[in-house]
Amino acid sequence: MTGVTRWTGREAELLRRAMRKKGKEFAELVGVNPRQIPRWKLRGETIELELDNQAALDTLLARADPAVQQRFAALLTERAAVEHDERAEELLRTDPRTRRHPVDGAVMTLVEEGIYLSGPDNRSVWLEPYLIDVYPTTNGDYARFVLATGHRPPQDWPAGRCPVTLANHPVVWVTWHDATAYARWAGKALPTGQQWEKAARGPRGRVYPWGFEPTAAKANTAEAGIDATTPVSRYRSGVSPYGVFDMCGNVWEWCSTEEAPGNGRYELKGSAFTSPIERAAPSLRNAANSGMKDNDTGFRCIAPA
């Protein structure tokens, strides 16, 4: 069954459509005044429903037959994909640094050459220019790779198929080898730890992508209480100086930098929904064995400028 963590007017309207009910019938099922239904539809995502309404909608969805649940999942996915594409197209229109990659279709942004402040001690480091994915690699992106190559799908995909409700969430349960295989297929690479850090902090050494304070509302870390991944374009207030999303929280991201030469452990950056905001500072280092995979670990790619 497709769950909803937070019912807004938009999700309620999608459930009404999935159940194929008129406004008055749906209002009776939810236990609200029929005049509420057009208000929910009009205000959409801007209105979060009362707790008793949320509980009623949870019950309706749980008791719905499988066909209704499938229609609701499809409508949710369609809406999420449209919103994700709209935001990507808006970036491509308004930010001259961005472009769409010709193989995997990901929106990438330019990180200019020059010095940036690296590590907790803010050492000056020079990097050549490169492009980096604006968003972490999503389940939808990874599904195209699996289809094209026959690569093993992540273990959380039911029957080996990309979950429709998670298409625009970051892919997880991928090893460093899986991430490297995707990057190779796309004609890209995993970022080095320094490339990842510069894209997150900008050239002037911000502690976090948005500034110097650990503001939990700007990232999907443990403080958010979501305990799961979120859509990659959700935290617009938390983007980096280069316009890159999710550089704190959501999922740890594999890098190409080995922790020590030959030890088979690679850097992970950014923390995840499972970690506190204090661990999300992009200057901090973490590493794991190349064969590790978990429900909070994904990746993004870079390409030559």
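Note that the structure is predicted; figures quoted are calculated from it, not measured.
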Determine, using the 4.5 Å side-chain heavy-atom cutoff (strictly less than), whether [X] and [Y] are members of one ILVMFWY cluster.
| X | Y | answer |
| --- | --- | --- |
| Leu131 | Ile302 | no |
| Val174 | Trp157 | yes |
| Val103 | Met108 | no |
| Val68 | Leu29 | yes |
| Leu284 | Phe212 | no |

| query | Would Arg152 and Asp178 count as a salt bridge (charged side-chain N to carboxylate O under 4.0 Å, His left out) if you check the C-alpha gap in whole Å, the side-chain angles of each, and the deciding distance to 0.1 Å? | reply | CA-CA 8 Å; Arg152 175 188 61 221; Asp178 293 327; 3.0 Å; yes

[atom1]-[atom2] distance between [X] and [Y], expressed to the nearest 0.5 angstrom:
| X | Y | atom1 | atom2 | value |
| --- | --- | --- | --- | --- |
| Thr221 | Asn250 | OG1 | CG | 10.0 Å |
| Ser283 | Lys269 | OG | NZ | 6.5 Å |
| Trp185 | His151 | CH2 | NE2 | 12.0 Å |
| Asp141 | Phe299 | CG | CZ | 8.0 Å |
| Thr274 | Asp227 | OG1 | CG | 8.5 Å |
| Leu117 | Arg201 | CG | CZ | 6.5 Å |

Please find the pair of heavy atoms, one from [X] and one from [Y], that lie closest to each other, and give the distance.
| X | Y | value |
| --- | --- | --- |
| Ala12 | Leu57 | CB-CD1, 4.1 Å |
| Pro241 | Pro209 | CD-O, 3.4 Å |
| Val111 | Tyr242 | CG1-CZ, 3.8 Å |
| Gly193 | Thr257 | N-OG1, 2.8 Å |
| Ala183 | Cys301 | CB-SG, 3.9 Å |
| Trp254 | Thr175 | NE1-C, 3.4 Å |

| request: With side-chain contact (heavy atoms from CB on, under 4.5 Å) as the test, would you mind laying out the steps for Glu113 and Leu127 before giving the verdict? | output: CA-CA 6 Å; Glu113 67 178 5; Leu127 292 180; over 6 Å; no

[X] versus [Y]: any side-chain heavy-atom pair under 4.5 Å?
| X | Y | value |
| --- | --- | --- |
| Tyr266 | Ser256 | no |
| Leu61 | Gln69 | yes |
| Leu110 | Glu112 | yes |
| Leu15 | Glu11 | no |
| Trp40 | Val30 | yes |
| Val32 | Glu50 | no |
| Asp246 | Tyr135 | no |
| His101 | Lys188 | yes |

| task | Check the pair Arg300, Ile132 against side-chain contact (heavy atoms from CB on, under 4.5 Å), reporting the backbone distance first and the verdict last. | result | CA-CA 8 Å; Arg300 76 179 73 216; Ile132 190 165; 3.8 Å; yes

Return yes if a side-chain donor-acceptor contact under 3.5 Å exists between [X] and [Y], otherwise no.
| X | Y | result |
| --- | --- | --- |
| Tyr182 | Asp104 | yes |
| Asn168 | Thr138 | no |
| Thr297 | Asp294 | no |
| Ser118 | Tyr116 | yes |
| His177 | Ser290 | yes |

| task | Look at Arg265 together with Glu258 and state whether they make a salt bridge at an N to O cut-off of under 4.0 Å. | result |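 Salt bridge between Arg265 and Glu258, a charged N being under 4.0 Å from a carboxylate O: no.
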
Would a distance-only check, ignoring hydrogens and angles, find a side-chain to backbone donor-acceptor pair under 3.5 Å from [X] to [Y]?
| X | Y | answer |
| --- | --- | --- |
| Gln195 | Thr192 | yes |
| Trp173 | Gly298 | no |
| Asp296 | Val251 | no |
| Ser275 | Ser271 | no |
| Lys198 | Gly114 | yes |
| Glu259 | Glu267 | no |

| request: Starting from the C-alpha separation in whole Å, work towards a yes-or-no answer on side-chain contact (heavy atoms from CB on, under 4.5 Å) for Thr180 and Arg184. | output: CA-CA 6 Å; Thr180 301; Arg184 189 178 298 121; 3.4 Å; yes

| task | Just grab all the salt bridge (Lys or Arg N to Asp or Glu O under 4.0 Å) pairs involving residues 16-27, residues at least two apart or on different chains. | result |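 Counting only pairs at least two positions apart or across chains, the salt bridge (Lys or Arg N to Asp or Glu O under 4.0 Å) contacts touching residues 16-27 are Glu13-Arg16.
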
| task | Name all pairs fulfilling the salt bridge (Lys or Arg N to Asp or Glu O under 4.0 Å) condition that reach into residues 202-223, sequence neighbours left out, sorted by first residue then second. | result |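 Qualifying pairs, neighbours excluded: none.
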
| task | Starting from the C-alpha separation in whole Å, work towards a yes-or-no answer on side-chain contact (heavy atoms from CB on, under 4.5 Å) for Cys248 and Trp210. | result | CA-CA 10 Å; Cys248 285; Trp210 53 83; 4.1 Å; yes

| field | Candidates Val146, Thr229, Val171 - the one meeting side chain to side chain contact (heavy atoms under 4.5 Å, CB included) with Asn139 | value |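 The passing option is Val171.
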
| field | Neighbour count >12 (heavy atoms, 6.0 Å) for atom CD, Glu278 | value |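 Yes, the 6.0 Å shell around CD holds more than 12 heavy atoms from other groups.
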
| message | Taking CZ in Arg97 as the centre, count heavy atoms belonging to other residues, nucleotides or ligands within less than 6.0 Å. Is the count above 12? | response |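 Counting neighbours around CZ of Arg97, more than 12 heavy atoms of other residues, nucleotides or ligands fall under 6.0 Å, so yes.
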
